[in-house]
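In the text below, chain A, chain B and the rest are named by the order of the sequence lines, each starting its count at 1.
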Amino acid sequence: MGNGYCCGCTGGMNMDNSIEQKWRDAWKKRNIFEAKVDPSKKKFFVTVPWPYTNGSLHVGHGRTYTLGDIVARYKRMIGYDVLFPMAFHESGTPILAFSERIANKDKDTLKLYRNYLMEYEKAENIDDIIYSFREPKNIAEYFSKVIIKDFTDLGYSIDWSRKFTSADNFYQCVVRWQFNHLKELGLLKKGEYPILYSMNDENAVGEDDIKDGDTDKVSVEEFTGVLFKGKNFDLITASLRPETLFGVTNLWINPDADYVIINYENKDMAISYLGYIKFSLQHENVKFKKRINKEDILNETFKVPFYDRVISVYAADFVDPDNGTGIVYSVPGHSIFDYVYFKKNNLDFNIKKVVETGNDINVENLVKKYNLLNDSEKLKGATQELYKEEFYKGTLINSSKYTGLSVSEGRDMIKNDLLNEDKGIMFYETTRKAETRSGSKVIVAILKDQWFIDYSKVWLKEKAHDLINSMKFYPELYRKLMNDAIDWLRERPCARKRGIGTRLPFDDRWIIESLSDSTIYMITYTNANEMRTIYDRLGDIDDEILDYVYLNKNIDINKYDDKTRKNIIDAREKFNYWYGNDLRITAPPHISNHLAFFIMNHAAIFKGKNLPGSLMLSGIVISNGSKISKSKGNVVSLLEITRRYSADLYRLFIAVGADVSSLLDWNEKDIASVSKRYDYFINILKDYKDSEENEDYIYEWFVSSFYNHLKEYLINMESMKIRDAYISIFYSVLNDFKTLENRGGNINSGLKMIMHDWLIAMSPVIPYSCEEFWHMYINDTFVSMEELDTNVEDKINYGILASEEYLGRVVEDIKEISRIIKNKGETAIITVYGEYQNDFIEMFNRKDIKPEYKIMIGDYIKNRNRILDKQINEYAVLSKNRSYIENATGLKIEILKSKEVKQKNPWPGRPTIKII
RNA sequence: GCAAGGGUAACUAAGCUUGGCCAAAGGUGUAGGACUUAAGAUCCUAUCCCGAAGGGGUUCGCGGGUUCAAAUCCCGUCCCUUGCACCA
């Protein structure tokens, strides 16, 4: 331990934290990762998502960021001018919601934040910090610091000098500029939009405002309100299945609920009291007239629209006054609830079938199958089964002009006809009963004047497809998914009434929604400091300046003072140098939202080299076999990783633990197996002593093999196959060390011959260890800044690689033979091919075989597919390695060269072996 | 239902794009051995079946097909996982 290494908690020889700290500090002191414009190099701009600062990050988040850093370091290593920046996202409602909940002393929230803070803070400070979180700004600030520390500890080569947040004033100018452009392009429009709404707070609510909203999702469901004409007043029912309209036999109301008469669009209609409340929030000018007795409804008859049948109203206790309008129409032919109610209460009823599925899944059979008359448990499940079956397989029958349509077509058509002919009204309901964390009821309200980005525009979709098809995808399969996502996109609400963010420039009642403010934010990384300075000087950055900087439009630049002008020009130059996000790394769940908008907005606003270059999607991370979640207790924070394991081990695990696109399981067993190999690496380097270089055959093989692995490594990295690349340069090289040792070589001598290039090649994944050994044995420069000589071809002797492979196969064959023959011999006689066999092959290829050679034909054909094309001097290889073969097989070895024509012959790569 | 991904030896997991040196990598487990007072760790060997000569047989969800040749290509079929929207 005294020498700076520790027996890490995983039982291995991981790098001591103090060593990691040493190099972190050294890198920071010299600012080596700050990106400077260097026109002598090709630039490479890589981004990962900016973290949302409402909490600390865990193993899962770390994967994407680590991959970003590995790529950034790799690109630097092969000679690129790399920009790998980071900023923070604060927009949206969660931070706001959390701080409100802390102010309200919400138990769960306090516990959550206490848990976060316990990792980072002394116990006595925690209460004060949590108290400060009543200000949303303090949450964001606190966690951005935590994340910076985590990222720094993990050795990320981030250029922090460009850091900003989505709440920064200068950045918000950029967002407004973007929205002005979207508006100019005709991509913004207004419309109605149903939202989840808190009755007490009279405000929109998001998932995190709703009790259990994260685990049990609430969404908006669309009902068709159908108007049934009566003599004195109408009834409004709410249905999910308007296509069954022609199967209606009666109406149901709840005998114990309150009903009222309202006036809407000059019609009096009955509705449950609870339904009225919701209805009035979804439609304008809804007037309350009076309460009404149930009997007054039950005594009345009503007419079914489109189907002039007069029906009665019955009371039924299964009708929920708080679902829809509290009045439902009864279709016993297609509704299990209705059918069962009639049966159970021994009421007379008729069945009219209006949907035909062509199989025997129907109301009657399902009721029998699940014994629903006696067991109401399965009522809901059976209803779902029936609805699904009828929706996907059903055709309308007995439905006047709608007969013959599929259920989905019929449903849309009947709904639209009802709405158009004033016989229907849209009604929205939540998918489940929900309330906010503070206990207020959540319902659906209609927002007027909602702003949308219209992603349905064909010209934009075409541009987006072109862009996608010109980009690189790692892995390739996501290209198709991305194209599909673009096709599927339609209008997207892009502004909200609450939350942190930028106000719409042309309608300041609205705050730009948090995903929409993050679609092209990467442009700001290129020149964040210049933009901030411009803002500070002018108190604003107008669109003219932004057009100049980001779209290269010409303006009268001379109207600004010297310093500002210089900043503006600098900003434009830096943008022009860096932009074009060469690689964006993120995760597949972003495809249908962030990435789709990223592609669309870039395609709309930018062109040419400023468009994104490639996309890499990393698979999900699970922890100890299951999805990472607080309830499972398997959340491992990034801090815990650097404390309990080490940054290098984590990074190595990310690199080799699984293919970039596949699922990665963070678990002790797999960590231990990676750790084992990592320890081996550390140990051989730690024990290194300068020694003589050696020119023996086996060293020559070792070096050739190393460069062969390095070659594979480079090829794999070019297509972002990070795992394959590091299996070559790490695992395979480690295995070569074992072979070297088994073959009587000395590890030190081998290491000496490859250490320089090996440390450089390994440094993107395990930068701390490599930095330490680089300084210890090679040089006092930073290995993180070293360039790798990628010209490896000259260093590979393919002949010697083939020889070693040949040797291995001979040993294998001898072992196999001696295993099969149970009485072990003492000597193995290896006979390699000679001139006769060479002559034969030549003659065989010429199809002109001398008679005395013909005896060899059968044997040759049998062995042909195993014979080496490339001939090596087998006799020499075997002779040189005689003692190795003897050791490996435990037999004496005699080597002969074939000097005769026989029936069974040795062939190139395939000597005959006889054990006696 | 739609879309995407996947089903490989005891388990886990590569390979499939570009068919053949694929009985099929690596890891885990299991068995034997070396080292050790012992345990642990580490290393070596074996691990579908048969075999007294490097061979043969049967395998890659299931059923067909293409081919001299299929885990790999095509068709069908069954099963599993994930996503299906305004939420960062």
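- The phosphate of B/A88 has OP1 or OP2 within less than 4.0 Å of a side-chain N or O from A/Arg496.
- Between the side chains of A/Asp517 and A/Thr502, no donor-acceptor pair of N or O atoms lies under 3.5 Å.
- Side-chain proximity of A/Glu513 to B/G55, B/A53, B/A88: nearest is B/A88.
- Among residues two or more places apart in sequence or in another chain, the side-chain contact (heavy atoms from CB on, under 4.5 Å) test is passed with A/Thr831 by A/Ile829, A/Leu896, A/Ser898, A/Pro906, A/Thr912.
- Side-chain atoms of A/His89 and A/Ser518 include a donor-acceptor pair closer than 3.5 Å.
- Residue A/Pro911 is in base contact, counting any heavy-atom pair closer than 4.0 Å across all strands shown.
- Under the 6.0 Å distance and 45° angle rule, A/Arg743 counts as a cation-pi partner of A/Tyr884.
- Look at A/Thr93 and you'll find a side-chain N or O under 4.0 angstrom from OP1 or OP2 of B/A88.
- Counting only N and O atoms by type, the side chains of A/His590 and A/Arg584 include no donor and acceptor under 3.5 Å apart.
- B/C35 and B/C11: their C1' atoms are spaced 29 Å apart (whole Å).
- As judged by a 4.0 angstrom heavy-atom cut-off over every strand, A/Leu481 is placed among residues touching the sugar-phosphate backbone only.
- In this model, no side-chain donor or acceptor of A/Asn54 finds a partner on the base of B/A88 within 3.5 Å.
- Screening A/Met720, A/Lys721, A/Met616, A/Arg723 against A/Val660 for a side-chain contact (heavy atoms from CB on, under 4.5 Å) leaves a single residue, A/Met616.
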Dump the pairs, protein N or O against N or O of nucleotides 39-46 of chain B, anything under 3.5 Å, distances to one decimal.
{"from": "B/C43", "atom 1": "OP1", "to": "A/Lys738", "atom 2": "NZ", "distance (Å)": "3.1"}

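- B/U59 and B/U8 are spaced 10 Å apart, taking the C1' atom of each and rounding to whole Å.
- Taking side-chain N and O atoms only, A/Ser514 has a distance below 4.0 Å to OP1 or OP2 of B/A88.
- Taking atom P on both nucleotides, B/A23 is separated from B/U30 by 29 Å, rounded to a whole Å.
- B/C74 and B/G5: their P atoms are spaced 13 Å apart (whole Å).
- Taking the six-membered ring where tryptophan is involved, the planes of A/Phe653 and A/Trp666 are perpendicular, since the angle between them exceeds 60° and thus also 30°.
- A/Arg677 comes within contact range of no nucleotide atom at all, as no heavy-atom separation falls under 4.0 Å.
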